[in-house]
Amino acid sequence: MDDRQKALEDALDAFFTRDFPLDARRARERALGEGDAPTPGKGLDRDLWRTLARTGVLSARTLRHVDAAVACEHMGRALFQSPYQDVVAAAELALAAGRSDLVDRIASGDAVVVLATRARGDGDPAAPRGVDARPSGGGSRALTGRRRFVSFARDADLLVVPAGSSNDLCLVPTDRAGVRTRRHDETSRGELYDVTFDDVEVGPGDVLLTGDDAARAFGRALAHARVRQACFVVGMARGSFEAVVAYTRQREQFGQKISRFQALAFRMAALAARIDGARLLAQQTAWRADRGDDVGAAAAQALALAADVVRDVVTESIQMHGAVGVTERLEPSRYYRHAAVEAQRFGTVATLRAHAAAHFASPSDDESPPSRRLSGATP
């Protein structure tokens, strides 16, 4: 870890200790069945978001992928619900489009831009279908369609929406006529929304990228988002694991700490090794992205592995806590609920493995399979 990463670590530690501690994070979490109406104290706190922006983690111009990996691991460990993944991906798209003004607004925390690319929850994020776009005169188009599981849509300023058969990427203000949002009442109790577009007008100035440029930029942004999400999910696994280690060290049965029971100790040792393996793969992929490599397949592999690991870790954590693990008194149930959603935010494990398998069947010159890289340089 270099000095820059160490400084970022310190800044994020301060953020999650002083600016947004555990009690505050838990207070912002919604209850199941709470409903769709805006709720005071929920959603995205803009002042808090600008505080996070001051750490530099939203700046697409200067943010290294290895730095984003550090940030995402901290966020996952803290179960920090935010539109971070989408906003950084949107900043990458804006940078590719030469939209310096938007890049700067995102970096300062003044603009929240999220992706509205999924037509359904189990679809492949790498192959979004554009909403219907019909000409409406003067070079404008009217968008009609529906996007699912849009992160913090009600709090966002702009949505990135693929439009038409060519999947042109358009920027749609959330307050534009015809845009409607409805919160999903889902397991993680997060801020995921169903967004409907009903003849929403977009002009030439709302188009971010078109055609092949849009496809290439979106593919790169998605790969990098998967790397960050792998780090986020690894952070969740670490947080859940740390909770179970702390619990077994203080819980006593038969006159001794249960951490001394061989059955539990062996299970925890196996989990620790798997977490470290997933973490190293995610970090190496981030390092390769900074080197300029095409990391599409590697990112899919890293996220698939992290998703498998976190599901096993959170399940084991609940089991080792016993009955109290499923209650709201302790953290295991929170990690379990969040893992159910976050592990598939950028594709199910089956989708991610299919993406990597297609690469192995016909590898490109830009990215070789991991077996060819093991003897190469590492971060």
Side-chain angles (χ1 to χ4, degrees), residues 9 12-34 41-45 48 52 70-82 84-85 151 185-192 229-253 257-259 261 263-265 267-276 278-279 282 306-345:
E9 287 259 15
L12 290 168
D13 281 339
F15 179 79
F16 288 117
T17 302
R18 181 191 62 225
D19 298 307
F20 200 36
L22 175 61
D23 289 346
R25 295 194 297 273
R26 294 194 71 163
R28 298 193 73 81
E29 194 171 84
R30 295 176 184 269
L32 286 173
E34 186 172 300
K42 310 297 183 181
L44 185 67
D45 183 325
L48 193 68
L52 179 65
V70 169
C72 287
E73 191 170 329
H74 272 263
M75 293 176 189
R77 188 164 168 253
L79 290 181
F80 177 51
Q81 294 193 72
S82 79
Y84 181 75
Q85 304 288 25
S151 180
D185 194 16
E186 40 78 27
T187 303
S188 73
R189 308 180 190 175
E191 299 294 326
L192 297 175
Q229 185 68 3
C231 295
F232 183 89
V233 169
V234 165
M236 292 176 60
R238 284 187 62 199
S240 183
F241 181 74
E242 288 165 2
V244 78
V245 169
Y247 179 76
T248 59
R249 284 176 176 172
Q250 59 89 22
R251 172 74 168 152
E252 289 190 5
Q253 286 288 340
K257 308 296 186 185
I258 65 173
S259 60
F261 294 173
L264 293 185
R267 285 160 67 184
M268 287 191 289
L271 291 176
R274 293 182 64 196
I275 292 169
D276 283 346
R279 186 182 189 218
D308 272 343
V309 169
V310 76
R311 279 194 288 259
D312 289 345
V313 171
V314 297
T315 301
E316 287 275 34
S317 179
I318 283 184
Q319 290 177 347
M320 292 184 197
H321 275 81
V324 73
V326 299
T327 70
E328 296 291 320
R329 285 177 51 199
L330 301 179
E331 292 299 280
S333 64
R334 292 184 68 227
Y335 282 105
Y336 188 91
R337 288 189 286 100
H338 283 264
V341 173
E342 297 297 340
Q344 54 189 329
R345 182 182 288 272

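Just so you know, residue 1 is the first one in the sequence shown, and it goes up from there.
Side chain of Glu316 to main chain of Met320: no donor-acceptor pair is present (N/O by atom type, distance under 3.5 Å, no hydrogens or angles). Put simply, the side chain of Arg25 gets close to the backbone of Ala78: a donor and an acceptor are under 3.5 Å apart. A donor-acceptor contact shorter than 3.5 Å links the side chain of Thr248 to the backbone of Val245. No side-chain donor-acceptor contact under 3.5 Å links Tyr335 to the backbone of Thr315. With hydrogens and angles ignored, the 3.5 Å screen pairs no side-chain donor or acceptor of Arg311 with any backbone N or O of Ala340.
Atom CZ of Arg28 is separated from atom OG of Ser82 by 11.5 Å, given to the nearest 0.5 angstrom. Taken from CD in Glu191 to NZ in Lys42, the straight-line distance is 9.0 Å, to the nearest 0.5 Å. Atom CG of Leu192 sits about 11.0 Å away from atom CG of Asp185, to the nearest 0.5 Å. With rounding to the nearest 0.5 angstrom, the CG atom of Leu22 is 10.5 Å from the OG1 atom of Thr17. Atom CZ in Arg18 sits 11.0 Å away from atom CG in Asp13 (nearest 0.5 Å). Note that the CG atom of Asp45 and the CG atom of Asp19 stand 10.5 Å from one another [nearest 0.5 Å].
Between Phe20 and Leu52, every side-chain heavy-atom pair lies at or beyond the 4.5 Å cut-off. For the pair Arg77 and Leu12, the minimum side-chain heavy-atom distance is 4.5 Å or more.
The side chain to side chain donor-acceptor pair (under 3.5 Å) test with Gln85 singles out one residue from Gln229, Glu342, Arg345, and that residue is Gln229.
For Ala243, there are no side chain to side chain contact (heavy atoms under 4.5 Å, CB included) partners, not counting sequence neighbours.
Between Val244 and Met268, the closest heavy-atom pair is CG1-SD, 4.3 Å. A pairwise comparison of heavy atoms in Arg249 and Lys257 identifies O-CD, 3.1 Å as the closest pair. Taking all atoms of both residues into account, the shortest heavy-atom contact from Ala230 to Ala282 is CB-CB, 4.0 Å. Listed here is the closest heavy atom pair of Thr327 and Val324: OG1-O, 2.7 Å. Counting all heavy atoms, side chain and backbone alike, Leu330 lies closest to Pro332 at C-CD, 3.3 Å.
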I'd like a table of donor-acceptor pairs (distance under 3.5 Å, sequence neighbours excluded) in which one partner is a side-chain atom from residues 231-241, with atom names and distances.
| from | atom 1 | to | atom 2 | distance (Å) |
| --- | --- | --- | --- | --- |
| Arg238 | NH1 | Glu73 | OE2 | 2.4 |
| Ser240 | OG | Ser317 | OG | 3.4 |

Query - CA sep, side-chain torsions, deciding dist, call: Glu29, Arg337, salt bridge (Lys or Arg N to Asp or Glu O under 4.0 Å) - result: CA-CA 12 Å; Glu29 194 171 84; Arg337 288 189 286 100; 2.9 Å; yes
Report task. Start with the C-alpha gap between His74 and Glu9, add the side-chain angles, then the distance that decides, and say whether side-chain contact (heavy atoms from CB on, under 4.5 Å) holds. Result -> CA-CA 8 Å; His74 272 263; Glu9 287 259 15; 2.5 Å; yes
**Report entry** salt bridge (Lys or Arg N to Asp or Glu O under 4.0 Å) between Glu331 and Arg26, worked out
**Finding:** CA-CA 10 Å; Glu331 292 299 280; Arg26 294 194 71 163; 2.8 Å; yes
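Note: Phe15 and Phe80 have perpendicular aromatic rings, judged against thresholds of 30 and 60 degrees for the angle between ring planes.
For Arg334, the CZ atom counts as densely surrounded, since its 6.0 Å shell holds more than 12 non-hydrogen atoms of other residues, nucleotides or ligands.
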